Amino acid sequence: MFAGKKILVGVTGGIAAYKAAEMISRLRKQHAEVHVAMTKAATEFIAPLTLQSLAANPVHVELFEEPKLWNVEHISLAEYIDAVVVAPATANILTKMAIGLADDFLSTVLLATRVPIFVAPAMNHAMYHHPATQANLAILKERGIYVLGPNTGFQACGTDGDGRMSEPVEIVEALARFFVSRDWLKGKRVLVTAGGTQEPLDPVRYLGNRSSGRMGYAIAQALQETGAETILLSAPTDLPTPSGVTRISVQTALEMYDAVLARFLEVDVVVMAAAVADYRPAVQAEQKIKKDGTNCTLELVPNPDILAELGRRKTTQILIGFAAETENLLANAQSKMQRKNVNLIVANDVTKPGAGFGCTTNIVSFLFPDGRKIDFPQLSKLEVGRLLVRELTSLLEVEIKE
Ligand code: C5P
């Protein structure tokens, strides 16, 4: 199941640390390459030698220990692995992950890596239900971290309740499901646009919009997770490029138009998540425009509608568009779907709290040309991306194996 997959197992200091041994053994039996990072507290519960022997790789504990395999090990390991699973995950490591604290080997790798992260919380039920822990878990889920369990039942502290770590077999199954599902879109080439274009007025100013690029970046990550060859055509943003995704940077709508059309014949799918400026200044001043105390009028000329152009040219390609609206959401989205000849439109009301520009979450509906409509609750943008990828598999008539 895991042949060729490199998994980092993070073990933190809870009594369930002993179960990490069984988990590592199960992963190895299914041909995973296993690396292990333990917190210092974890080494009090189970000997590094035990996990090292089962993993057949050295165990990392300290940041400043003698290198075992590479230079700057926490960084090279962060880039080398395909997934991380932290099991057991204590309330302490969940807090560190939520705030981005990196004070030992494991927490530093967790901050440095861009690969999918799974956590299996394990703690006393009161600690689990503490608002701090619940808030941290909510943050982690919003970032796309997979939270496995916890289960309910007898706890080492002598009580019954939520907080028992998921069984090693359940964790390994969840990882296996993830890796199997990764290959849904293998062999498919997908172009995703993201961010808000910038239309220069002069050397220092531009007309822009409030798009953060987060939705498009999340879609690119979700596509990459399922094995698609993913090209991200990005207007300026501060976001890091998701691991495994090829990013091409553009600034203006015209640059985006050229970049999309140049690749259109080579791709199976285009997801237009970018907020493309509808207009650009008719002239771009060569020098900074000076104020003179009087009114200033800008003349704007229309930009090409990239998606509409793709809709006209499309043969077998699947086109997905976005409709970010501030009023008449469904009517506007429906009319865009027809006008632009797309296979799916993602509609969102950008005035709703928890939706639209800048937010890490979104509230969307998927609309299809046959009149089907699926409404979703508030979800992280990564979750929306993953749901979109599921729809894409049926639009591409790709079989999903679960
Ligand atoms: O018509 P409207 O601009 O609201 O449509 C939004 C959809 O069209 C988005 O998918 C956006 O990426 C795309 N679009 C485009 N070219 C434009 C404007 C919008 O491809 N010039």
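Small disclaimer: the values here were computed from a predicted structure and weren't measured. No hydrogens, no waters, no symmetry mates; every other heavy atom, side chains included, goes into these values. Counting starts at 1 for both ligands and their atoms, in listed order.
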Looking only at heavy atoms, the pair that brings E199 and A253 closest together is OE2-N, 2.9 Å
Could you check whether any side-chain heavy atom of V301 comes within less than 4.5 Å of a side-chain heavy atom of R280, counting everything from C-beta outward? yes
What pairs with Y146 under ring-ring contact (aromatic ring centres under 6.0 Å, His included), at least two apart in sequence or on another chain? F118, F178
Between the side chains of T315 and Q317, is a donor N or O closer than 3.5 angstrom to an acceptor N or O? yes
Quick one: look up the protein heavy atom nearest atom 20 (O) of ligand 1 and list residue, atom name and how far away it is. L307 N, 2.8 Å
Give yes if a backbone or side-chain nitrogen or oxygen of R339 is under 3.5 Å from a nitrogen or oxygen of ligand 1, and no if not. no
Residue selection (non-hydrogen contact nearest atom 21 (N) of ligand 1) among G311, P304, A274: P304
Whether K6 engages the ring of Y80 as a cation-pi pair (distance to the six-membered ring centre under 6.0 angstrom, angle to the ring normal within 45°) should be assessed. yes
For atom 5 (O) of ligand 1, what's the nearest protein heavy-atom neighbour? Residue, atom name and distance, please. K340 NZ, 2.8 Å
What atoms of ligand 1 come within less than 4.0 Å of a heavy atom belonging to G321? 10 (O)
Would you say that more than 12 heavy atoms from the other residues, nucleotides or ligands in this model lie under 6.0 Å from the NZ of K314, or not? yes
Checking contacts here: is it the side chain or the backbone of D278 that comes within 4.0 Å of ligand 1, counting heavy atoms only? Could be both or neither. side chain
Please list the nearest protein heavy atom to atom 4 (O) of ligand 1 with its residue and the distance rounded to 0.1 Å. K336 NZ, 2.3 Å
Show which atoms of ligand 1 fall inside a sub-4.0 Å distance from at least one heavy-atom site of F322. 5 (O), 6 (C), 7 (C), 9 (C), 10 (O)
Is the count of non-hydrogen atoms from other residues, nucleotides or ligands lying under 6.0 Å from D238 atom CG greater than 12? no
Can you name the residues that form a salt bridge (charged side-chain N to carboxylate O under 4.0 Å, His left out) with D162, not counting sequence neighbours? none
Considering only non-hydrogen protein atoms, determine which one is nearest to atom 16 (N) of ligand 1 and report residue, atom name and distance to 0.1 Å. I306 N, 2.9 Å
Polar contacts were defined as any N/O atom of the residue lying under 3.5 Å from an N/O atom of the ligand; does this apply to M272 and ligand 1? yes
contact_flag D305 ligand 1 heavy-atom lt 4.0 Å: yes
